[in-house]
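Take a look at the structure below.
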Amino acid sequence: MNRRTFLAATGVALGALAGCLGAGRESEGGSGPPSTDAPLPLAHSPALLREHTVSGGPGKDGIPAIDEPRFVDATAPALDDGDVVFGVEIDGDARAYPQDVLVWHEIVNDTVGGRPVSVTYCPLTGTALGFERGDTSFGVSGDLVNSNLVMYDRATDSRWPQVVATAIDGPLEGDSLRQFPVVWTTWGRWRTAYPDTDVLSTDTGYVRNYDDDPYGGYNPTTGYYASSGTLFAPLHEDDRFEPKVPFLVTRGPSSEATDRPSVAVHKATLRERGVLAAGRSLAVSDPTLDTGYLYRTGPDTPDPGAFSWTDGRVRGPDGTYAPSAVPLPATTTFDAMWFAWVGFYPETEVHA
Amino acid sequence: MPDATVVTRSRRTVGHTRRAVAFALSRRDGVAVFGVVTAAYLLAYLVVVGHLGPGDGTWGVTVVSDPLSRALRPRGAFRFEPVAGLAAGPVRLLVAPLTLAVGGVLAALVGVNLSLSSLAVRQPTACGLSPSTGVLAAVPGLLSGAACCGPTVLLVLGVQASGLLLSAFSVLVPVSTLSLLVSLVLVGRYVSPGGATARDSFDSS
């Protein structure tokens, strides 16, 4: 190697090393992801959330999103029935995203049922949410707020904390993402409910130890997921429950509708009771997928207390229904660790 | 303009350290210590960064497409994307060339520190010198490996992350490298390349 070659190689190496110390705010241009008609409610202002945003360690795209996901059929994956998967079903297209793959990537930019979507997972807050992405895609910014994944869209580089689903920085600040349901369940339950499901392959284009979750495990629950400590200080402390206890949650429908607050239902309690009158909402357990649903009630609907649980079905004043088919307006719910939800929404209704 | 005396002393110190290292690595016992410590540290570094761990009993090699550009893609401070995965029965190794290079440099510095220390403590004037000098300097480098994915090492330590702590994680590799170089110079002062005398001969030269 002559002196010039050595200097060139050194330059490349130093450039790469420098690159890992900080990434700039760059965007690909184009329109951002589709937004909701009215912004979702925020308990904290974007400015406060920006102030509490910290680097999580890896830089921008240091945790690489999966942009070209590959899938295998339900007979192929080496999953135990008890392994956690995030299930999505859109227009008959069912897909399972194993937690032990998403823990390494946090975002999958996919097309499900013909719709461009992103399936996102934050290990530190125990939240799996799906968003419409339009013509753009999402990446992992490397930043966290309230321990929660802060995504960026590649069109405008706006910053979107996953749980609040609202941009707190960038050209789209204040806009909220359109969300669709993602079910936190287990592989055995999902495969039984959707035998023809596709499953995200470990052939992601990246090399990782997909058998080894750096934070612990869910089958059984160990490590960070079982501990009572958080890695970063929460936005708001509330010790009514252990920090990692899972809740079924939904945000208030809009910032104007203050009479319909955000709601958190203790999952273990819901699992035990089947149905739960949660203020003006009705919480229903779904034993098939070990998940739940939250329905809103109003002046024109029966009171939540009029519903009961009978042999895995919901009995109402006018009939008996499957848990997912109660004739009330459904809200988009997701699972969240207690500390994460109450950190973002301190005034949330709590039902346990 | 730097003081000529300082420049001269610096040159003399670097020259002596270089000769001391060469002397240590010319001896069979010095090479043995260097080899064992370097290999052990590199293995520990790879375990801590999550690139070396237990396998699932299968055998095979996976290589990403476009490995050259992937090898330069950073994952965090001084950590880079793996370009290949090697499943070798009970062991699984991820190959990230630049991460391997960073770990290799740290491991070699720890190895040469301990090689020198092992010689120095056997020389009569090396009172108070401990082989742990070089090892302590290497700890930040080992810790830095766990700075991925939110520094999970903090979970083990039961410490909550703060902005200051996370900033510290990003400079652990350069801090460790600098510490090891300083340690090398300090330990080198206790070793005489001739082997018969120690620090006194260096100071009087």
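A note on names: the letters A, B, ... follow the listed sequences, proteins ahead of strands, and every chain is numbered from 1. Because the structure is predicted, anything quoted here is derived from the model rather than measured.
- For a residue to count as touching a neighbouring chain, one of its non-hydrogen atoms must lie under 4.5 Å from one of that chain's; by this rule A:N209 touches chain B with backbone and side chain alike.
- B:V83 touches chain A through its backbone: at least one of N, CA, C or O sits under 4.5 Å from a heavy atom, while the side chain does not.
- Looking at B:A71, there are no atoms closer than 4.5 Å to chain A (heavy atoms on both sides), in backbone or side chain.
- Both the backbone and the side chain of A:D61 come within less than 4.5 Å of a heavy atom of chain B.
- Surrounding CG of A:D239 are at most 12 heavy atoms belonging to other residues, nucleotides or ligands under 6.0 Å away.
- In this structure, no portion of A:P123 lies under 4.5 Å from any heavy atom of chain B.
- The closest side-chain heavy-atom distance from B:R79 to A:P58 is not below 4.5 Å.
- In this structure, B:R70 forms a cation-pi arrangement with A:Y206, its terminal cationic atom sitting closer than 6.0 Å to the ring centre and no more than 45° off the ring axis.
- Residue A:G205 comes nearest to B:V64 through the heavy atom pair O-CG1, 3.8 Å, listed as atom of the first residue, atom of the second, then distance.
- At a threshold of 4.5 Å between non-hydrogen side-chain atoms, the residues B:R73 and A:P64 count as touching.
- A:R208 CZ to B:E81 CD: the interatomic distance, rounded to the nearest 0.5 Å, is 4.0 Å.
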